[in-house]
Protein chains: 2
Amino acid sequence: MKDRDFDNDLAQKGLRRTRHRAAVLSILEQSQQPLSAEEIFMELKAREMPANLSTVYRILDVLTSNNMLQKLNITGGKSLYEYNRMVHRHHLLCLGCKKILAIGSCPLGDFEKDLAKKTDFSIEGHKLDIYGYCPECRKNDSP
Amino acid sequence: MKDRDFDNDLAQKGLRRTRHRAAVLSILEQSQQPLSAEEIFMELKAREMPANLSTVYRILDVLTSNNMLQKLNITGGKSLYEYNRMVHRHHLLCLGCKKILAIGSCPLGDFEKDLAKKTDFSIEGHKLDIYGYCPECRKNDSP
DNA sequence: ATGCAAATGCAAACCTTTTGCATTTATTTT
DNA sequence: AAAATAAATGCAAAAGGTTTGCATTTGCAT
């Protein structure tokens with residue numbers, strides 16, 4: 001299985017193509033879950049492409065401000081990053097095992113229009129996270 | 001204008017009634033905006049009831065875990081706390097001046113039911129924050 | 001190949017929040 | 001009302017995540 005050409009994506013944004021940047025993109029593109037800076041740091045090491053943690057943060061910053069990644073602050077603790085697939089997404093977090101499911105649908109459309117009318121704000125976006133227990137955690141916790 | 005009896009509220013929760021705790025509750029009950037630990041720290045000083053910042057954090061923790069306050073992590077930066085008025089609320093944050101408006105309505109009801117059905121999660125709650133520009137900031141930024 | 005601007009590594013700083021411990025305070029017990 | 005006890009506070013230090021300054025290395029244009 002061939003890797004996507006992240007080098008090209010970087011070039012299109014006018015960003016320098018470094019192994020580390022391409023690797024971070026690849027890691028996040030392949031990940032089912034949003035990852036923290038430290039998880040990415042460890043995965044880079046696992047891929048024999050170790051980078052300094054501060055470099056990871058700088059890469060995440062630059063990729064986020066170029067809209068190639070999205071930064072999530074679901075927990076209040078450490079930030080998580082996910083590959084930006086350019087679709088509007090929300091997240092369902094399991095309070096038990098902390099796994100995160102991406103949710104494609106969004107119920108906010110009309111609500112935002114109403115809100116704009118009522119408050120006279122221009123609405124630019126929203127952040128919606130949903131919390132619950134996944135099927136596995138519910139099974140394990142109800143003996 | 002007489003203060004609410006926060007001492008009684010504390011007693012009902014089985015918490016010790018200290019001046020600082022009552023003052024923190026009073027500050028947040030009177031505030032239009034959610035406040036950070038440091039803002040509360042400063043307001044305590046202004047009220048001639050200075051407390052150590054770590055004490056403020058401990059008070060906020062204990063009041064939050066007793067449901068007297070709610071902790072918000074809107075920005076990803078520092079946590080904000082608001083008096084828990086026992087109603088489901090969301091927040092509209094102005095990206096310009098950072099002011100926060102509390103929103104009473106919530107469009108999530110049916111969506112959560114659908115989601116529970118689709119994912120087999122038990123849905124326990126959600127966090128919805130909306131971002132935009134308030135009327136004042138829109139005016140000032142469009143010269 | 002050469003030069004320059006940008007990316008990286010490293011260590012230290014930063015900021016918010018938490019913790020350990022001695023002291024003070026609120027509440028319970030006598 | 002005083003003494004005993006358990007919890008709250010102050011203080012300083014640590015923790016955890018993230019950022020920054022600076023020397024070195026790398027990517028890219030010339």
Side-chain angles (χ1 to χ4, degrees), chain A residues 5-27 34-45 47-66 68-81 98, chain B residues 5-27 34-45 47-66 68-81 98:
Chain A
D5 187 0
F6 294 109
D7 279 355
N8 245 357
D9 295 354
L10 287 165
Q12 282 182 328
K13 294 278 185 178
L15 297 175
R16 288 210 181 166
R17 296 167 275 186
T18 71
R19 312 170 309 137
H20 284 145
R21 286 179 176 176
V24 168
L25 282 171
S26 167
I27 288 168
L35 300 176
S36 66
E38 191 161 8
E39 287 168 326
I40 292 164
F41 169 80
M42 293 191 300
E43 181 60 23
L44 283 168
K45 200 177 294 179
R47 296 188 182 197
E48 318 270 308
M49 205 178 291
N52 192 277
L53 184 55
S54 68
T55 299
V56 174
Y57 275 108
R58 281 188 276 229
I59 290 175
L60 292 171
D61 278 355
V62 90
L63 296 182
T64 300
S65 41
N66 281 275
M68 305 178 77
L69 302 180
Q70 289 194 248
K71 182 175 181 176
L72 312 180
N73 284 95
I74 293 188
T75 59
K78 55 182 73 169
S79 298
L80 302 180
Y81 297 82
K98 311 295 180 197
Chain B
D5 187 1
F6 294 109
D7 279 355
N8 244 358
D9 295 353
L10 288 165
Q12 283 181 328
K13 294 279 185 178
L15 297 175
R16 288 210 180 165
R17 295 166 276 183
T18 71
R19 310 171 310 139
H20 284 147
R21 287 179 176 177
V24 168
L25 282 171
S26 167
I27 288 167
L35 300 177
S36 67
E38 191 160 10
E39 287 167 327
I40 292 165
F41 168 79
M42 293 194 297
E43 181 60 24
L44 283 167
K45 199 178 293 179
R47 296 188 183 196
E48 318 270 308
M49 204 178 294
N52 193 279
L53 183 56
S54 67
T55 299
V56 174
Y57 274 107
R58 280 189 277 232
I59 289 175
L60 292 171
D61 277 355
V62 89
L63 296 181
T64 300
S65 40
N66 281 275
M68 305 177 78
L69 301 181
Q70 290 195 247
K71 183 175 181 176
L72 312 180
N73 283 97
I74 293 189
T75 59
K78 53 181 76 168
S79 298
L80 302 179
Y81 297 83
K98 310 297 180 196

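Naming convention: chains lettered A, B, ... in sequence-line order (proteins, then strands); numbering from 1 in each chain.
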Checking [X] side chain against [Y] main chain: does a donor-acceptor pair fall under 3.5 Å?
{"X": "K78(A)", "Y": "S36(A)", "result": "no"}
{"X": "H20(A)", "Y": "M49(A)", "result": "yes"}
{"X": "S26(A)", "Y": "A22(A)", "result": "no"}
{"X": "N52(B)", "Y": "S54(B)", "result": "yes"}

Mind calculating the distance between [atom1] ([X]) and [atom2] ([N]) to the nearest angstrom?
{"X": "L60(B)", "N": "dT9(D)", "atom1": "CG", "atom2": "P", "value": "11 Å"}
{"X": "D7(A)", "N": "dT26(D)", "atom1": "CG", "atom2": "P", "value": "16 Å"}
{"X": "Y57(A)", "N": "dC10(C)", "atom1": "OH", "atom2": "C1'", "value": "16 Å"}
{"X": "L63(B)", "N": "dA8(D)", "atom1": "CG", "atom2": "P", "value": "11 Å"}
{"X": "N52(B)", "N": "dA13(D)", "atom1": "CG", "atom2": "P", "value": "13 Å"}
{"X": "I59(B)", "N": "dA7(D)", "atom1": "CD1", "atom2": "C1'", "value": "13 Å"}
{"X": "F41(A)", "N": "dG16(D)", "atom1": "CZ", "atom2": "C1'", "value": "15 Å"}

Base-pairing assignment for dT30(D) (Watson-Crick or G-U wobble, both under 3.5 Å):
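With both distances under 3.5 Å, dT30(D) matches dA1(C).
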Heavy-atom side-chain proximity of R47(B) to E43(B) below 4.5 angstrom:
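In contact.
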In the structure I gave you, are the side-chain heavy atoms of L10(B) and M68(B) within less than 4.5 Å of one another anywhere?
yes
So what does L53(B) hit on the nucleic acid, given a heavy-atom distance under 4.0 Å: a base, only sugar-phosphate, or nothing?
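Since a base atom lies under 4.0 Å of L53(B), the category is base.
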Taking dT17(C), dG17(D), dT8(C) as options, the one with an atom nearest any side-chain atom of R21(A) is dT8(C)
Picking from dA7(C), dT18(D), dT17(C), which would you name as closest to the side chain of A37(B)?
dT17(C)
Do nucleotides 19-30 of chain C as a string where each nucleotide becomes B, S or -: B if the base has a protein heavy atom under 4.0 Å, S if just the sugar-phosphate does, - if no protein is that close.
BB----BBS---
